[in-house]
Amino acid sequence: MAKSRRGRSGPESVVESVAGGRAELRPDRDRPRGWTLLIDGAPQSHVDLDDPAYLDFAYQRRLGHIADLAAPAGKPLQVVHLGGGALTMARYVAATRPRSTQQVMEIDAPLVQLVRTHLPLESGWRIRVRGGDAREGLRKVPDGWADLIIADVFRAARTPAHLTSAEFVGEVRRALRPGGFYAANLTDGPPLAFVRAQIATVRTVFAELCLTADPAVLRGKRFGNAVLLAADRELPVAELTRRAATDPQPARVEHGRALLDFTGGAAPVTDATAVASPAPPPSVFE
């Protein structure tokens, strides 16, 4: 059962045990109906129930930029979200692209229930949350159904190995319509072996790639997020670069020859060789 307290200054945190650990919904003191989801103390996502188009976390803004550029403004999309969390990105697409149809794959049923109870979705949003493993759920998506697939799956702060292989990316490609976008939230630190291998892996399936991240992360100076975008058509690199540069937390976009050089000859990953993403150092959450 969830535990919550309300103080004189407003709502207090809601804490509950879920499959992935200890979940906490922590109120945002700067936004009356804003909440941050933490799992075992690690911030996962942020939701503002009054403004679902507001994205507080930098990596989610990068994903939001991709959703904005996946089609002409306002056009409804068919979107698959691998990993649900607080359903932040599904809310964003629903708010910015009304009548979009979305499927969310989330393995943690108690977390889904916690989020639905305390951070309810708006009526009329076409968002279906499916329980179970992300890759298994992806297999049930019809060929060519999705305009956009977003992978943001973490278990104990690590992306599971079976969601990092070329076979998995091939399944993503099958479910995308021609010209659709695949976006993946990756986390890594020096020497960035995981991110480099993911670029090499996705390149075996998609012709066009770009990577957006904080310059310090790209230089291997610290652990952090990197958002990989892939498609079989030309990417909106110039606009992504502009948005990344003007973000409250500026980032750099690598593409083309620079991205190939960054990959540094890393080998693609298969189901037989895949490993989970590295665990973040404790200092990340201090």
task = Look at Asp40 together with Arg22 and state whether they make a salt bridge at an N to O cut-off of under 4.0 Å.
result = no
inquiry  = Let me confirm one number: the CD1-CG distance from Ile66 to Leu229, rounded to the nearest 0.5 Å.
reply    = 4.5 Å
query = Do Asn225 and Leu186 pass the side chain to side chain contact (heavy atoms under 4.5 Å, CB included) test, and can you show the C-alpha distance, the side-chain angles, and the key distance before you say yes or no?
reply = CA-CA 6 Å; Asn225 298 80; Leu186 310 175; over 6 Å; no
inquiry  = Applying side chain to side chain donor-acceptor pair (under 3.5 Å) as the test, list every pair that has at least one member in residues 189-203; sequence neighbours left out.
reply    = none
inquiry  = Under a 4.0 Å threshold between the charged nitrogen and the carboxylate oxygen, would Arg243 count as salt-bridged to Asp247?
reply    = no
Check: Ser13/Glu24 side-chain N/O donor and acceptor closer than 3.5 Å = yes
Arg173 bridged to Glu171 by N-O distance under 4.0 Å = no
ask   = How about Arg139: does its CZ atom have over 12 heavy atoms from other parts shown lying under 6.0 Å from it?
value = yes
Set of salt bridge (charged side-chain N to carboxylate O under 4.0 Å, His left out) partners for Arg135, sequence neighbours left out = Asp271
query = Within the side chain of Asp152, is there an N or O that forms a donor-acceptor pair under 3.5 Å with the backbone of Asn185?
reply = no
Salt-bridge present (Asp56, Arg61; N to O < 4.0 Å) = no
Basic-acidic side-chain contact under 4.0 Å: Asp48, Arg33 = no
query = Looking only at heavy atoms, which two atoms of Leu192 and Leu218 are closest? And how far apart?
reply = CD1-O, 3.5 Å
ask   = How would you list all residue pairs meeting ring-ring contact (aromatic ring centres under 6.0 Å, His included) that involve residues 54-97, not counting sequence neighbours?
value = His46-Tyr54
task = Look only at the side chain of Arg97 and the backbone of Leu77, and say whether a donor-acceptor pair between them is shorter than 3.5 Å.
result = no
key: Side-chain ion pair, Glu12 and Arg29, N-O less than 4.0 Å   = yes
task = Scan side-chain atoms only and decide if Gln102 and Arg128 contain a donor-acceptor pair under the 3.5 Å cut-off.
result = no
